[in-house]
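Worksheet: one structure, shown below.
So that the names make sense, note that chain A is the first sequence line, chain B the second, and so on, each numbered from 1.
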Number of protein chains: 2
Amino acid sequence: MTSPANLKNMGLKATLPRLKVLELFEHHEKQHLTADDVYRMLINEQIDIGLATVYRVLTQFEQAGLLIRHHFDSEKAVYELNAGQHHDHLVCLQCGHVEEFYDEEIERRQNMIAEQRGFAIHDHSLHLYADCKRDACPRRSPHK
Amino acid sequence: MTSPANLKNMGLKATLPRLKVLELFEHHEKQHLTADDVYRMLINEQIDIGLATVYRVLTQFEQAGLLIRHHFDSEKAVYELNAGQHHDHLVCLQCGHVEEFYDEEIERRQNMIAEQRGFAIHDHSLHLYADCKRDACPRRSPHK
DNA sequence: AGGCGCATGAGAAGTATTTGCAAATACGGA
DNA sequence: TCCGTATTTGCAAATACTTCTCATGCGCCT
């Protein structure tokens with residue numbers, strides 16, 4: 001999993017900050033993290049890391065294809081581990097909870113549309129904004 | 001079109017800055033503008049306006065449903081006139097050119113997916129990033 | 001173990017956007 | 001048409017997020 005070899009194979013030295021950041025994404029249940037999330041969590045683990053380093057590492061990992069960057073609605077970028085298979089997102093407007101989905105037909109039509117217009121599609125992002133049904137969602141929390 | 005009544009009907013005083021901003025969106029061929037675009041264009045028209053005001057007005061118009069805000073790929077938000085009918089966007093990664101499209105089937109499947117999971121969909125954004133075919137696109141401009 | 005060179009941390013610098021505030025303005029009433 | 005007042009505006013300073021600068025530190029090859 002989180003072995004130095006992983007990093008070295010992609011031309012990056014296996015430094016402590018990089019190992020820790022990668023580990024965080026691999027072992028944490030919350031899969032979408034902002035730079036600040038990562039920074040705070042590592043600081044909490046007594047790891048001496050700088051916010052600038054977090055940003056640098058996230059960018060490097062993204063370029064290396066290890067992480068994927070999203071923007072959802074807010075100003076801040078969130079990163080998730082690149083699990084290999086593409087998916088889109090359903091984001092709760094109340095609590096920020098994110099669910100993933102994949103729809104063959106939607107993908108197909110996207111490609112068709114781009115093709116019809118002579119565009120060479122590189123990438124796409126599809127976000128559905130809604131209210132989720134989790135108990136933790138403030139929308140459902142009974143007043144008080 | 002750009003009449004004071006439009007603004008008054010939505011509870012906003014028909015001030016010069018607001019009229020001018022609205023006019024810009026209604027009469028300009030480029031339909032997706034950033035706050036800075038709007039600011040610069042009005043300054044060029046000899047209109048004394050502050051950037052802060054542009055931001056405030058854009059926000060007010062968005063809340064009033066007159067404009068729609070998008071984020072596309074970059075950090076900066078772009079606004080477009082709310083023409084009433086929803087559409088998604090195809091964005092050129094090279095020149096920033098934006099084309100709009102609408103696909104009944106994609107919309108249908110989005111709703112279906114949200115429904116299946118018990119989500120109440122509020123909104124969605126679908127962006128296809130690709131290379132466009134316009135002559136102006138730097139990708140096609142034969143090297144110098 | 002030793003040394004070169006990339007990587008790091010801290011803070012400054014940059015963007016994009018928001019806010020505080022005094023001066024300017026819209027607009028209904030006189 | 002002129003006023004009063006509540007809004008709105010422009011400016012500058014403040015935020016929020018991200019990137020850059022640079023002196024120091026650490027990974028990695030020998």
Side-chain angles (χ1 to χ4, degrees), chain A residues 2-24 32-64 66-67 69-79 96, chain B residues 2-24 32-64 66-67 69-79 96:
Chain A
T2 313
S3 77
N6 274 8
L7 294 173
K8 287 193 199 150
N9 289 342
M10 33 180 278
L12 294 173
K13 285 186 185 175
T15 65
L16 189 69
R18 298 212 259 240
L19 266 315
K20 288 302 181 183
V21 170
L22 191 47
E23 198 176 294
L24 199 57
H32 296 91
L33 304 173
T34 65
D36 201 59
D37 286 341
V38 171
Y39 175 65
R40 279 194 226 282
M41 294 167 95
L42 292 182
I43 289 295
N44 277 339
E45 288 182 33
Q46 322 295 322
I47 295 168
D48 181 33
I49 195 173
L51 185 52
T53 300
V54 171
Y55 275 104
R56 272 186 299 236
V57 171
L58 290 177
T59 301
Q60 291 160 350
F61 284 3
E62 192 208 350
Q63 289 172 343
L66 268 179
L67 297 178
R69 193 218 311 248
H70 297 287
H71 268 87
F72 295 161
D73 218 9
S74 75
E75 326 297 291
K76 42 180 67 160
V78 300
Y79 290 83
Chain B
T2 311
S3 77
N6 274 7
L7 293 174
K8 288 193 197 149
N9 289 341
M10 33 180 279
L12 295 173
K13 283 189 184 174
T15 64
L16 189 68
R18 298 213 258 241
L19 267 315
K20 288 303 182 182
V21 169
L22 190 48
E23 197 177 296
L24 199 57
H32 297 90
L33 304 173
T34 65
D36 202 59
D37 287 340
V38 171
Y39 175 65
R40 279 193 225 283
M41 293 168 96
L42 292 182
I43 288 294
N44 276 340
E45 288 181 35
Q46 323 294 324
I47 295 167
D48 182 32
I49 194 172
L51 183 54
T53 301
V54 172
Y55 274 105
R56 274 184 296 234
V57 170
L58 290 178
T59 301
Q60 291 161 349
F61 284 4
E62 192 208 350
Q63 290 172 343
L66 267 179
L67 296 179
R69 190 214 319 242
H70 297 287
H71 268 88
F72 295 161
D73 217 10
S74 76
E75 327 296 293
K76 39 180 67 162
V78 300
Y79 291 83

> Is a donor on one side and an acceptor on the other found under 3.5 Å between the side chain of A:Asn44 and the backbone of A:Met41?
Replying inline: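 No, the answer is negative, given that no donor and acceptor are paired below the 3.5 Å cut-off.
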>> If we ignore hydrogens and angles and just use 3.5 Å, is the side chain of A:Arg18 paired with the main-chain N or O of A:Lys13 as donor and acceptor?
In response: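 Yes: the side chain of A:Arg18 pairs with the backbone of A:Lys13.
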Kindly point out which of [options] is positioned nearest to the side chain of [X]?
X	options	value
A:Ala52	D:dC11, C:dG11, C:dA7	C:dG11
A:Lys8	C:dG9, D:dC28, D:dT9	D:dC28
A:Thr59	D:dT8, D:dT19, D:dG10	D:dT19
B:Tyr55	D:dT18, C:dT18, D:dT19	C:dT18
B:Ile49	C:dT8, C:dA16, D:dG10	D:dG10
B:Ala77	C:dG9, D:dT18, C:dT17	C:dT17
A:Thr15	D:dC17, D:dG27, D:dT9	D:dG27

Find the distance [X]:[atom1] to [N]:[atom2] and express it as a whole number of Å.
X	N	atom1	atom2	value
B:Arg18	D:dT9	CZ	C1'	10 Å
B:Leu51	D:dC11	CG	C1'	11 Å
A:Arg40	D:dC17	CZ	C1'	12 Å
B:Lys20	D:dG10	NZ	C1'	18 Å
B:Ile47	D:dT8	CD1	C1'	16 Å
A:Arg69	D:dC17	CZ	P	15 Å
A:Lys13	D:dC29	NZ	C1'	10 Å
A:Leu12	C:dG5	CG	C1'	15 Å

>> Heavy atoms only, 4.0 Å cut-off, all strands: where does A:Asp36 land among base, sugar-phosphate and nothing?
In response: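 Here A:Asp36 touches no strand at all.
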> Are A:Asp36 and A:Lys76 side-chain neighbours, meaning at least one heavy-atom pair lies under 4.5 Å?
Replying inline: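 Side-chain contact under 4.5 Å: no.
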>> If you define the side chain from C-beta out and look only at heavy atoms, does anything of B:Phe61 sit under 4.5 Å from B:Leu7?
In response: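 They are in side-chain contact.
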> What pair of heavy atoms forms the shortest contact from A:His71 to A:Arg69, and how long is it?
Replying inline: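 A:His71 and A:Arg69 have their closest heavy atoms at CE1-CD, 3.6 Å.
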>> With nearest nucleotide decided by heavy atoms, which residue, B:Thr53 or A:Val54, maps closer to the 5′ end of DNA chain C?
In response: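 It is A:Val54, whose closest nucleotide lies nearer the 5' terminus.
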>> Counting only side-chain nitrogens and oxygens, does B:Arg56 get under 4.0 Å of the OP1 or OP2 atom of D:dT8?
In response: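 No, no such contact exists.
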